[in-house]
Amino acid sequence: MKTFTLKITESYDLIATTLVLFSLYLMRYFDPLFDNYTYLSYHEEYQVVYTVWITTLCTFPCLVLYKLGYSIQLKLAALAIWITGLLGALAPYSIESENIFNVLHVALPNLSAFGLICLLKFYLGSDHMYTYMIGTLAILLVYTGYYTALVELVFIIINFWYLRKILKNNQII
């Protein structure tokens, strides 16, 4: 009897493309130039969709990096990135009041994104193009003044693209 197992690294292109396309689809519910994906989390009709989307988006790259890790330190780094990103993204955000959850909602995903950039840079070595692309993202962030869905989508695409490059360099896909 054959069993079906989903191998994340072999299905990378399909999963990454689906996540990017679904991220684009979600933009139809808000203005991507002025709002970010958090907008979906404080509207009751979108909370379930947002929770599933953000959980998958946080879990997938970290799971790939965890499976790719050849040392316990790299595996722990991937787990730490996953935990901080997920906790921060799922922390309730309130536009009416300033509370600790608002701070966690902003600070933890930023810490997770920085950790993801550092871990990808470790695997990429001296790939200057990745550095330039992250620099371009920083300029886009400064230009818009805050995190918009456009900045978040560019970050998702850049990191999925370079995660694929890492898998290809390691002859996994």
Side-chain angles (χ1 to χ4, degrees), residues 3-27 29-30 32 35-43 45-93 101-124 130 133-134 137 147-170 172-173:
T3 58
F4 175 76
T5 57
L6 177 66
K7 299 204 179 208
I8 298 296
T9 51
E10 292 174 2
S11 307
Y12 179 81
D13 290 336
L14 175 66
I15 296 170
T17 303
T18 303
L19 283 170
V20 169
L21 290 175
F22 193 67
S23 300
L24 281 168
Y25 174 76
L26 288 177
M27 284 183 174
Y29 297 109
F30 59 91
D35 292 317
N36 57 26
Y37 287 103
T38 300
Y39 177 86
L40 297 172
S41 72
Y42 50 80
H43 286 73
E45 62 269 17
Y46 305 126
Q47 285 177 344
V48 173
V49 173
Y50 172 80
T51 304
V52 170
W53 171 78
I54 199 68
T55 302
T56 308
L57 197 62
C58 286
T59 304
F60 177 63
C62 293
L63 183 61
V64 171
L65 286 171
Y66 181 84
K67 291 181 89 159
L68 189 63
Y70 50 83
S71 72
I72 190 69
Q73 292 88 357
L74 293 174
K75 288 182 183 285
L76 288 174
L79 282 174
I81 291 168
W82 175 67
I83 289 169
T84 56
L86 196 58
L87 287 177
L90 295 178
Y93 186 84
F101 292 114
N102 288 3
V103 174
L104 290 174
H105 182 82
V106 173
L108 289 178
N110 284 331
L111 180 64
S112 178
F114 180 72
L116 184 62
I117 290 169
C118 291
L119 197 55
L120 287 174
K121 187 67 179 150
F122 172 79
Y123 279 110
L124 288 167
Y130 182 72
M133 304 235 0
I134 294 298
L137 183 66
Y147 285 110
T148 63
L150 182 64
V151 173
E152 292 172 330
L153 183 65
V154 170
F155 181 75
I156 291 166
I157 291 170
I158 288 171
N159 286 311
F160 278 168
W161 179 267
Y162 278 95
L163 190 54
R164 184 182 194 290
K165 185 175 179 178
I166 290 168
L167 292 172
K168 205 170 186 180
N169 287 348
N170 289 312
I172 294 173
I173 58 171

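Across all non-hydrogen atoms, the minimal contact from P109 to A89 is CG-N, 3.7 Å. L104 and A91 make their closest contact through CB-CB, 4.4 Å (heavy atoms, listed as atom of the first residue, atom of the second, distance). Between S112 and T84, the closest heavy-atom pair is CB-OG1, 3.4 Å.
Annotation: W53, atom CH2; neighbour count of heavy atoms from other residues, nucleotides and ligands within 6.0 Å is above 12. Other residues, nucleotides and ligands contribute at most 12 non-hydrogen atoms within 6.0 Å of the CZ atom of F114. More than 12 heavy-atom neighbours from other residues, nucleotides or ligands sit within 6.0 angstrom of OH on Y46.
To the nearest 0.5 Å, atoms CG (L65) and CD1 (I166) are separated by 6.5 Å. Once rounded to the nearest 0.5 Å, the distance linking CG of L150 with CG of N36 reads 11.5 Å. The CG atom of L57 sits 12.5 Å away from the CD1 atom of I15 when rounded to the nearest 0.5 Å. Between L40 atom CG and E45 atom CD the span is 9.5 Å, to the nearest 0.5 Å. From L63, atom CG reaches atom SG of C58 across 12.5 Å, with rounding to the nearest 0.5 Å. Note that CZ of F60 is 5.5 Å distant from OH of Y12, once rounded to the nearest 0.5 Å.
Residues satisfying the side chain to side chain contact (heavy atoms under 4.5 Å, CB included) criterion with A77, sequence neighbours excluded, are L119. Residues passing the side-chain hydrogen bond (donor to acceptor under 3.5 Å, both in side chains) test with Y29 are Y25, sequence neighbours excluded. Looking at residues two or more places apart in sequence or on another chain, you find a side chain to side chain contact (heavy atoms under 4.5 Å, CB included) between L87 and I83, L108. Annotation: side-chain hydrogen bond (donor to acceptor under 3.5 Å, both in side chains) contacts of Q73 (sequence neighbours excluded): S71. With sequence neighbours left out, T55 forms a side chain to side chain contact (heavy atoms under 4.5 Å, CB included) with T51, T59, L86, L90. Qualifying ring-ring contact (aromatic ring centres under 6.0 Å, His included) partners for Y123, counting only residues two or more places apart in sequence or in other chains: none. Residues passing the side-chain hydrogen bond (donor to acceptor under 3.5 Å, both in side chains) test with K75, sequence neighbours excluded: none. Residues satisfying the side-chain hydrogen bond (donor to acceptor under 3.5 Å, both in side chains) criterion with S41, sequence neighbours excluded, are absent altogether. By the side chain to side chain contact (heavy atoms under 4.5 Å, CB included) test, L14 is found to be paired with T18, residues two or more places apart in sequence or in another chain being considered.
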Return all side-chain donor-acceptor pairs below 3.5 angstrom for residues 152-161, not counting sequence neighbours, or 'none' if the list is empty.
unit_1 : atom_1 : unit_2 : atom_2 : d
E152   : OE1    : Y37    : N      : 3.1
N159   : OD1    : Y130   : OH     : 2.8
N159   : ND2    : F155   : O      : 3.1

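Applying the side chain to side chain contact (heavy atoms under 4.5 Å, CB included) test between Y162 and each of L124, I134, L167 identifies L124 as the sole match.
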